[in-house]
Student: 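Let me begin by handing over the structure; questions about it come next.
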Amino acid sequence: MKLRCRWIVCLSCALLFGTGRGAAQQPAGQRPPEVHTRFSADTVLIGDQFFLELDIDKDVAQEIRLPQFEDRKFVPQIEMLGIDRVDTLSREGRRIRLRVVYRLTGFDAGSYRVDGFPVVWSASPGDASDGKGDTILAPERLGIEVRTFDIDTATYQLSDIKRPIHTPLVFAEIRELVYWGAAVAVLLAGVIYLLVRYFGRKKRRTGAKRSVPPHVAAIRALEKLHSKKLWQNGKHKEYYSQLADIVRIYIQGRYGIGAMEMTSDQLLEAMRDSNDEQLRTKLRELFALADLVKFAKMAPTPEDNEQAYFDAYFYIEETKEIPEPGQEPLAPGATAIEAGEMPAEDDLVISTTGGWQKHRNDGKEVENDGDAV
């Protein structure tokens with residue numbers, strides 16, 4: 001008897017220790033979501049519409065993929081018309097409860113059963129993008145009966161369809177439509193006339209757009225990004241997305257490669273012949289930090305944010321195109337306030353050759369050192 005009591009005590013301690021340890025090691029969002037389903041009615045007439053309500057209780061970090069129905073068939077006899085609405089029912093801490101309402105209809109009379117409505121979920125957006133997910137089934141067994149109309153074939157007689165009654169059209173019936181149509185036509189013509197005159201005058205006043213070197217546009221974009229104070233307000237993902245895009249657009253304009261369509265590794269490999277190892281190391285660290293913030297939800301320190309900004313600034317300054325001796329110097333790109341002859345920010349056109357264009361206000365070209373893109 002004593003030996004049996006000892007075994008029970010040891011087993012209980014092991015279960016409690018193992019359960020507590022598993023709960024401590026289990027990261028947030030790993031508990032599967034809970035799903036429940038029900039029909040809005042248990043009996044419908046043939047051709048009538050009814051609803052399927054899907055309730056999902058999940059962690060805020062989890063991603064849900066709703067099932068796709070082939071040929072819009074929920075079951076062979078029930079047609080899926082689409083999602084009617086998606087509502088948020090409640091939210092407590094990290095748990096959120098959603099309701100997805102499907103609209104259905106049936107054109108075959110009979111009783112139908114549906115077991116285990118499937119929902120695919122992923123623990124994080126990263127797992128969802130990588131195709132990692134598990135399937136969870138609703139525990140409810142759904143049933144619907146589609147009834148048809150009772151027709152007394154003994155007394156029912158078919159009748160021919162009546163033709164529409166033709167009546168003459170009088171002006172009084174369409175008078176308001178004619179008046180309103182004429183008023184709208186006059187108003188629309190006036191708006192078009194004013195818009196044509198406004199944009200024509202603006203085009204004559206501003207002239208053609210001018211292009212500047214890629215490094216000038218990039219430095220201006222960096223300083224504008226710095227003035228937004230995104231990471232100071234907790235918007236780290238938006239800050240690093242714009243910072244990485246500024247560098248990629250600069251590389252695309254400076255070296256003429258499709259940087260916006262490349263991954264970070266592909267871009268670094270493409271820059272092997274254009275940059276030395278030190279510059280590529282700075283670029284690799286910048287893109288790696290940006291990817292961690294955007295895709296892994298990393299929270300960088302203020303020092304990391306400032307260093308990423310200075311790394312991007314340093315890379316652009318070290319790789320910008322230097323004018324040849326005797327050539328007109330490029331417009332300054334290291335300050336936020338350029339000389340008076342520099343184009344306004346709205347008129348910037350990045351040049352793939354590193355040149356920039358100046359035009360008179362009347363639109364006539366004075367100088368063209370590069371092809372704008």
Side-chain angles (χ1 to χ4, degrees), residues 208-226 237-295 304-336 338-339 341-359 365 367-373:
K209 291 187 177 181
R210 297 161 288 180
S211 65
V212 296
H215 72 274
V216 174
I219 293 299
R220 289 180 179 178
L222 281 177
E223 293 176 346
K224 186 175 181 180
L225 174 63
H226 194 268
K237 182 177 180 180
E238 184 176 353
Y239 172 75
Y240 279 94
S241 296
Q242 296 187 24
L243 184 64
D245 287 345
I246 290 172
V247 177
R248 285 177 175 271
I249 294 174
Y250 164 74
I251 293 175
Q252 183 167 301
R254 174 67 176 85
Y255 297 104
I257 61 176
M260 299 301 293
E261 290 77 22
M262 294 182 178
T263 64
S264 299
D265 293 337
Q266 291 173 343
L267 180 57
L268 292 171
E269 182 64 26
M271 300 300 296
R272 182 177 297 275
D273 297 332
S274 302
N275 297 154
D276 56 24
E277 184 62 28
Q278 180 183 4
L279 291 175
R280 286 191 290 109
T281 300
K282 289 286 186 181
L283 206 59
R284 182 182 296 107
E285 294 174 353
L286 174 63
F287 287 154
L289 180 58
D291 290 341
L292 288 174
V293 174
K294 291 190 294 183
F295 304 115
D304 293 335
N305 299 329
E306 290 290 348
Q307 187 61 43
Y309 174 83
F310 288 121
D311 287 344
Y313 202 105
F314 172 80
Y315 178 82
I316 295 172
E317 283 292 330
E318 288 296 318
T319 57
K320 67 181 181 180
E321 186 175 11
I322 305 299
E324 299 179 358
Q327 184 181 1
E328 182 179 353
L330 299 175
T335 60
E338 281 73 26
E341 66 273 8
M342 282 296 296
E345 184 175 355
D346 294 338
D347 295 334
L348 289 180
V349 179
I350 300 177
S351 173
T352 57
T353 59
W356 61 294
Q357 300 172 351
K358 294 189 296 184
H359 295 262
E365 181 177 328
E367 180 180 353
N368 186 356
D369 294 334
D371 299 327
V373 293

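Just so you know, these numbers come straight off a predicted model, no measurement behind them.
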Student: If you measure from the Lys or Arg side-chain nitrogens to the Asp or Glu carboxylate oxygens, is any gap between Arg220 and Glu223 under 4.0 Å?
Tutor: no

Student: Do Asp245 and Met260 come close enough that some side-chain heavy atom pair is under 4.5 Å?
Tutor: yes

Student: With side chains defined as the heavy atoms from C-beta onward, is the minimum distance between Thr281 and Glu285 less than 4.5 Å?
Tutor: yes

Student: Would you check if Arg254 and His215 make a side-chain contact, meaning some heavy-atom pair closer than 4.5 Å?
Tutor: no

Student: To check you understand the geometry: which heavy-atom pair defines the closest contact between Ser264 and Asp291, and what is its length?
Tutor: OG-OD2, 3.1 Å

Student: Calculate, to the nearest 0.5 Å, the distance between atoms CG and CZ belonging to Leu292 and Phe287 respectively.
Tutor: 13.5 Å

Student: With under 30° as parallel and over 60° as perpendicular, where do the rings of Tyr309 and His226 fit, or are they tilted in between?
Tutor: tilted

Student: Would you say that Asn275 contacts Glu318 through its side chain, given a criterion of any heavy-atom pair below 4.5 Å between the two side chains?
Tutor: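 When only atoms from C-beta onward are counted, Glu318 and Asn275 do not touch, as no gap falls below 4.5 Å.
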
Student: For Gln252 and Ala259, which heavy atoms make the closest approach, and how far apart are they?
Tutor: OE1-N, 3.4 Å

Student: Restricting to non-hydrogen atoms, name the atom on Ile316 and the atom on Ala218 that form the minimum distance, rounded to 0.1 Å.
Tutor: CD1-CB, 3.6 Å

Student: Compare all side-chain heavy atoms of Leu222 with those of Leu243 and state whether any distance is below 4.5 angstrom.
Tutor: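 Yes. Closest side-chain heavy atoms under 4.5 Å.
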
Student: Check Leu289 against Ala308 and note the closest heavy-atom contact, atom names and distance.
Tutor: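 For Leu289 and Ala308, the tightest heavy-atom pair comes out as CD2-CB, 4.3 Å.
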
Student: Measure the shortest side-chain to side-chain distance between Thr319 and Tyr250 over non-hydrogen atoms and say whether it is less than 4.5 angstrom.
Tutor: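 Yes, side chains in contact.
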
Student: Evaluate the side-chain proximity of Ile251 to Val247: yes if any heavy-atom separation is below 4.5 Å, no if none is.
Tutor: yes

Student: To check you understand the geometry: which heavy-atom pair defines the closest contact between Arg248 and Thr263, and what is its length?
Tutor: NH2-C, 3.8 Å

Student: Salt bridge check, Glu277 against Arg280: does any charged N sit closer than 4.0 Å to a carboxylate O?
Tutor: yes

Student: If you apply the rule side chain to side chain donor-acceptor pair (under 3.5 Å), what do you find for Tyr240 with Asn305, and how did you get there?
Tutor: CA-CA 8 Å; Tyr240 279 94; Asn305 299 329; 2.6 Å; yes

Student: Do you know the tightest heavy-atom contact between Met271 and Ile257?
Tutor: SD-CD1, 3.6 Å

Student: Quick check on Lys237: does its NZ atom have over 12 non-hydrogen neighbours (other residues, nucleotides or ligands) under 6.0 Å away?
Tutor: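 It does not: Lys237 NZ has 12 such atoms or fewer within range.
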
Student: Test Asp273 against Tyr255 for side chain to side chain donor-acceptor pair (under 3.5 Å), laying out the working first.
Tutor: CA-CA 11 Å; Asp273 297 332; Tyr255 297 104; over 6 Å; no

